[in-house]
Asks: 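Attaching a single structure in structure tokens format; questions to follow.
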Amino acid sequence: MHFTSEQRLDDGVLEREFTLDEIPGTLWTPESAAPVPLILMAHNNGLPKGAARLVARARHSAAYGYAVATIDASGCGDRPRSAADERARAELRRAMQAGEPVDEIFESFIGPLVEKAVPEWRTTLDALLSLPEISGPVGYSGWTAVGIRLAAVEPRIAAAGFFAGGYVPRAQREEARQVTIPLLFLLQWDDEGNPRQRALDLFDAFGTTEKTLHANLGGHTGTPWFEVEDGNRFFGRHLK
């Protein structure tokens, strides 16, 4: 892991950009005399790590006392896209503009993203836990499809907060039964791109006996800010 820049923010949080092999990432750490727990934070469907909503959540959680890290998934953010990625995105845009069904396009697009992203998250986790300022335990927040796979295969993930707004491939809907860690699931009740019943069915499928559903009125990007604060309290119960 090679840190390429750093700055101390107004709230005392240290923000550092890093690269790990070909993976670009950002790490936020609070001012602390002792090592702190870690939250891996991923944006739904592989949006860039610099997305304003993700950065705001990350900084708030870091100020709350966690190390927070995010990376750009393959084909997202600053990373090059393959010809197949570009074709899938173009077909998705065309279908959405035409009002056509998009589930199968999402399936062919998001499924490979998950397959590529999870090994990179595990490699990043190895590097982060080697830093003296980070001790674990580890939480995960954000992109549900990746989070399901990561929680199913990575025993170091102790708790997870999932956002229901992103498409979850069929493989991950089946893997949800293997998720047995404490879970907080956020649902926007009027999300125009995410059928409500499918999200409720996914919540029901999770194998954990310690799961909480928070549903709020509003569309895809309308998640209330207090859910960030509630998420920090959720992680406080399981990571501290």
Side-chain angles (χ1 to χ4, degrees), residues 9-15 26-44 49 51-70 121 125 128-129 131 133-148 150-152 154-166 176 179-191 194 199-200 202-240:
L9 306 175
D10 293 342
D11 52 12
V13 171
L14 180 63
E15 179 183 86
T26 308
L27 173 64
W28 296 266
T29 48
E31 292 183 303
S32 176
V36 295
L38 171 65
I39 297 174
L40 305 178
M41 193 168 286
H43 214 323
N44 270 352
K49 64 183 179 63
R53 286 183 293 151
L54 184 147
V55 171
R57 286 166 43 217
R59 290 183 57 175
H60 191 275
S61 295
Y64 201 86
Y66 303 104
V68 183
T70 188
W121 274 109
L125 178 57
L128 291 167
L129 289 178
L131 298 175
E133 61 268 39
I134 299 175
S135 64
V138 182
Y140 174 91
S141 175
W143 186 4
T144 300
V146 164
I148 290 172
L150 199 57
E154 179 50 74
R156 292 172 292 184
I157 304 295
F162 292 154
F163 286 62
V179 176
T180 58
I181 58 176
L183 176 65
L184 176 62
F185 195 56
L186 301 184
L187 170 64
Q188 284 302 104
W189 202 245
D190 307 300
D191 190 335
N194 184 41
L200 294 173
L202 179 60
F203 177 76
D204 190 52
F206 287 117
T208 180
T209 58
E210 190 173 351
K211 53 185 174 181
T212 300
L213 172 68
H214 284 189
N216 292 282
L217 296 178
H220 183 71
T221 61
T223 304
W225 182 253
F226 64 73
E227 290 291 3
V228 176
E229 298 170 346
D230 283 351
N232 288 332
R233 287 190 286 269
F234 164 78
F235 285 120
R237 293 192 295 272
H238 301 292
L239 302 185
K240 292 187 175 181

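The figures here come from the full heavy-atom set of this structure, side chains too, leaving out hydrogens, waters and symmetry mates.
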Asks: Just wondering, do S61 and W28 contact through their side chains at under 4.5 Å, heavy atoms?
Replies: no

Asks: Quick one: does N194's side chain have a donor or acceptor within less than 3.5 Å of a partner on A199's backbone?
Replies: no

Asks: Is there a side-chain contact between V13 and R59, using heavy atoms and a 4.5 Å cut-off?
Replies: no

Asks: Does a side-chain heavy-atom distance below 4.5 Å link L150 with L40?
Replies: yes

Asks: Does any part of the side chain of L184, heavy atoms only, come nearer than 4.5 Å to the side chain of F235, both counted from C-beta?
Replies: no

Asks: Take M41 and L54 through the side-chain contact (heavy atoms from CB on, under 4.5 Å) test and state the conclusion after the steps.
Replies: CA-CA 8 Å; M41 193 168 286; L54 184 147; 4.3 Å; yes

Asks: Which pair of non-hydrogen atoms, one from P30 and one from Y66, has the smallest distance, and what is that distance?
Replies: CD-O, 3.3 Å

Asks: Measure the spacing between CZ of F234 and OG1 of T212 and express it to the nearest 0.5 Å.
Replies: 7.0 Å

Asks: Could you walk me through whether R233 and Y64 pass the side-chain contact (heavy atoms from CB on, under 4.5 Å) check?
Replies: CA-CA 9 Å; R233 287 190 286 269; Y64 201 86; 3.4 Å; yes

Asks: If you measure from CG on L239 to CG on L38, what distance do you get to the nearest 0.5 Å?
Replies: 9.0 Å

Asks: One pair to check against side-chain contact (heavy atoms from CB on, under 4.5 Å): E15 and T26. What are the steps and the verdict?
Replies: CA-CA 7 Å; E15 179 183 86; T26 308; 3.9 Å; yes

Asks: How many angstroms lie between atom CG of L187 and atom OG1 of T223, to the nearest 0.5 angstrom?
Replies: 9.0 Å

Asks: Can you measure from OG1 (T209) to CG (L183) and round to the nearest 0.5 angstrom?
Replies: 11.0 Å

Asks: A side-chain contact here means heavy atoms from C-beta on lying under 4.5 Å apart; do L128 and V138 qualify?
Replies: no

Asks: Looking only at heavy atoms, what is the nearest atom pair of A62 and V68, with distance?
Replies: N-CG2, 3.8 Å

Asks: Checking side chain to side chain donor-acceptor pair (under 3.5 Å) for the pair R57/S141: CA distance, chi angles, key distance, verdict?
Replies: CA-CA 10 Å; R57 286 166 43 217; S141 175; 3.0 Å; yes

Asks: Do E133 and S32 have side-chain heavy atoms sitting under 4.5 Å apart?
Replies: no

Asks: Under the side chain to side chain donor-acceptor pair (under 3.5 Å) rule, what pairs show up with a residue in residues 154-165, not counting sequence neighbours?
Replies: R122-E154, D126-R156, E154-R156

Asks: Can you find a heavy atom in the side chain of L131 that is under 4.5 Å from one in the side chain of T29?
Replies: no

Asks: Compare every heavy atom of P37 with every heavy atom of K240, then report the nearest pair and how far apart it is.
Replies: CG-CG, 4.0 Å

Asks: Considering non-hydrogen atoms only, spot the tightest contact between W225 and A56 and give its length.
Replies: CH2-O, 3.6 Å

Asks: Can you name the nearest heavy-atom pair linking I148 to A176, along with the distance?
Replies: CG2-N, 3.7 Å

Asks: Using ring centroids (six-membered ring only for Trp), state whether F185 and F206 fall under 6.0 Å.
Replies: yes

Asks: Do you know which two heavy atoms are closest between P224 and Q188, and how far apart they sit?
Replies: CD-OE1, 3.9 Å

Asks: Do H60 and N232 have side-chain heavy atoms sitting under 4.5 Å apart?
Replies: yes

Asks: Could you walk me through whether I181 and T208 pass the side-chain contact (heavy atoms from CB on, under 4.5 Å) check?
Replies: CA-CA 6 Å; I181 58 176; T208 180; 5.8 Å; no

